[in-house]
Every structure is written in structure tokens, then in C-alpha cells.
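One structure is given below, encoded as C-alpha cells.
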Amino acid sequence: MKTNMEIVKNRKFKNVVVLTGAGVSAESGIKTFRDANGLWEGHDITQVASFDAYQNDPAMVHRFYNARRKQLAEVKPNAAHRALAQLEKRVQNFSLITQNVDDLHERAGSHNIFHMHGELKKIRNTLTGEIKSFEGAILEKDFTNWRPDIVWFGEPVKYSEEIFTAASACDLFLCIGTSNNVYPAAGLVHTAKMNQAICVELNLEETQLSSYYDLNFFGPATEVVPEFLEQLTS
């Protein structure tokens with residue numbers, strides 16, 4: 001575990017890139033909708049997260065995402081979300097890349113956000129490709145015309161060019177609340193390293209890529225993120 005703050009203290013970082021995953025939103029109460037066996041209502045998660053599943057049973061897929069969308073009204077941004085929003089105000093160039101499909105970063109005050117896996121509060125027309133903001137439940141009459149604007153298994157991530165450009169130019173890269181198992185997100189640390197960026201991991205526990213980071217801080221995001229950023233900017 002590397003925790004020597006002298007690596008980053010008194011540095012004037014101008015291009016900061018942050019990658020966040022499920023560990024940031026978990027403490028706000030975002031549910032995974034999976035039981036102990038990795039199932040949702042008796043179905044494997046792939047049965048509600050692929051285009052084939054959508055075509056085979058649009059009602060089940062929409063029921064899953066309607067429930068997730070409804071839950072967003074029941075949760076709030078936490079201290080980690082708020083700390084990142086404050087960081088954005090203090091640096092010249094800031095990009096927040098998130099694997100999360102919730103809107104908690106926006107509600108905390110962050111602006112320059114790339115939702116690489118899509119957004120719960122957006123839907124896409126399957127015929128025209130139109131994307132629009134949406135809250136509430138998709139009704140049965142629209143089941144075959146609209147789909148969640150979510151990146152499903154087998155589909156390319158969103159904003160790949162913008163994400164690569166940001167990671168390639170950053171001088172500070174923060175990885176927060178992600179298992180570092182899912183690519184291409186997990187590979188962003190390598191891209192940042194090619195630009196000699198300082199790379200910091202803030203996770204609940206050690207990951208398979210922890211050794212690639214210059215600094216590691218382990219613990220709940222609501223604790224380690226605000227504490228690290230306070231030291232960074234003080």
C-alpha cells in the first residue's frame with residue numbers, strides 16, 4: 001500500500017481525470033438488483049442487459065430499468081460525489097469518467113461528465129436513434145419503440161474518443177470505487193501513465209491493478225475521497 005502524500009502535495013495539477021465506478025454510488029444506497037446468487041427476479045443479469053434480451057422480452061427488460069429509474073428518486077449524492085464536484089471547481093481542466101448510469105454526480109454539482117455506460121435518465125428510439133431525457137416508467141405501448149440508453153453487453157462504450165483524449169493528456173488520474181476488472185475502463189491507468197501522470201487509486205480494497213498506481217488509499221469512498229482531496233488541495 002502506497003500512501004506517501006508527498007508525491008502529490010504542492011503539485012499544481014492542471015489536467016485532472018477521474019474514473020468512478022459502483023463503489024462511489026453504493027454508499028448512497030444504489031442497489032445492484034441482484035440477490036446472493038447474482039440473479040434478478042430469478043433471471044441472470046445478462047437477461048436484462050443485452051439487445052437480444054430486449055428483443056426476446058422487452059417487458060422484463062423495461063421492468064428492470066423502470067425499477068432502477070424509480071430508485072434514483074430515493075437516493076442522494078454522498079460525500080464522495082460532493083468532494084469531486086468541488087475538485088472540478090479548483091482545476092483548470094477536469095474530466096469525470098463514470099461507469100455508473102445514475103445521475104448522482106450531476107446532482108452533486110459535477111458538469112464535465114462522460115457516462116461511458118449510458119444513463120438511466122435517457123432513452124433511445126430503436127428506429128430513429130433519437131436520444132432524449134426521460135424520468136418515470138416506459139409504458140407497454142412504447143416497449144418496442146424505445147430502449148434504455150444504456151450500454152449493454154456486446155455494445156461499445158460511449159465517448160470512447162473523448163475519454164481516451166482526456167486520459168492521454170492528464171497529469172493526475174484518480175480511480176475511485178471500481179474493481180478494475182472491466183475494460184476499457186480498467187485500462188485507462190495505462191493510458192494516463194504513458195503521459196507520466198500521477199495515478200491514485202481510492203478503493204474499498206486492493207484490486208488487480210493496485211500496483212500500477214503511485215498512491216493507494218483503501219476504505220469507503222465517503223471517507224477516503226474527501227480526506228484525500230482535502231489534503232491534495234490544502
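Bear in mind that the values here come from a model prediction, so they are computed numbers and not experimental data.
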Considering all heavy atoms of both residues, which atom of D102 and which atom of L104 are nearest to each other, and what is their separation? OD1-N, 3.0 Å

Would the Y54 and W152 ring centres measure less than 6.0 Å apart? yes

With no hydrogens and no angle check, do the side chains of R63 and N66 hold a donor and an acceptor under 3.5 Å apart? no

Is the shortest heavy-atom distance from the side chain of M60 to the side chain of Q47 under 4.5 Å? yes

Is a donor from one side chain sitting under 3.5 angstrom from an acceptor on the other, for N78 and T222? no

Would you say the side-chain atoms of R82 pair up with the backbone N or O of P77, donor to acceptor, closer than 3.5 Å? yes

Could you please spell out the steps behind the salt bridge (charged side-chain N to carboxylate O under 4.0 Å, His left out) verdict for R68 and E74? CA-CA 10 Å; R68 296 194 69 187; E74 303 169 358; over 6 Å; no

I would like to know whether V75 and Q71 meet side-chain contact (heavy atoms from CB on, under 4.5 Å); could you show each step before the answer? CA-CA 7 Å; V75 298; Q71 194 208 3; 4.2 Å; yes

Would you mind listing every side chain to side chain donor-acceptor pair (under 3.5 Å) that reaches into residues 105-119, with sequence neighbours excluded? T20-H105, S95-N112, D103-R107, E106-H115, E119-K122

Measuring only between side-chain heavy atoms, which start at C-beta, is C175 closer than 4.5 Å to Y213? yes

Step-by-step side chain to side chain donor-acceptor pair (under 3.5 Å) determination, E206 to N216: CA-CA 8 Å; E206 189 172 353; N216 309 93; over 6 Å; no

For P226 and A79, work out which heavy atoms get closest and say how close. CG-O, 3.8 Å

For N15 and Q92, does a side-chain donor sit closer than 3.5 Å to a side-chain acceptor? no

Hits for ring-ring contact (aromatic ring centres under 6.0 Å, His included) against F228, two or more places apart or cross-chain, chain-then-number order -> F217

side-chain contact (heavy atoms from CB on, under 4.5 Å) for E201 and N180? Distances and angles first, verdict last. CA-CA 10 Å; E201 179 187 39; N180 277 323; 3.4 Å; yes

For D149 and G118, indicate whether the former's side chain and the latter's backbone hold a donor-acceptor pair under 3.5 Å. no

Would you say L174 and L172 make side-chain contact, with heavy atoms under 4.5 Å? yes

Considering only heavy atoms from C-beta outward, does the side chain of F13 approach that of I198 to under 4.5 Å? yes

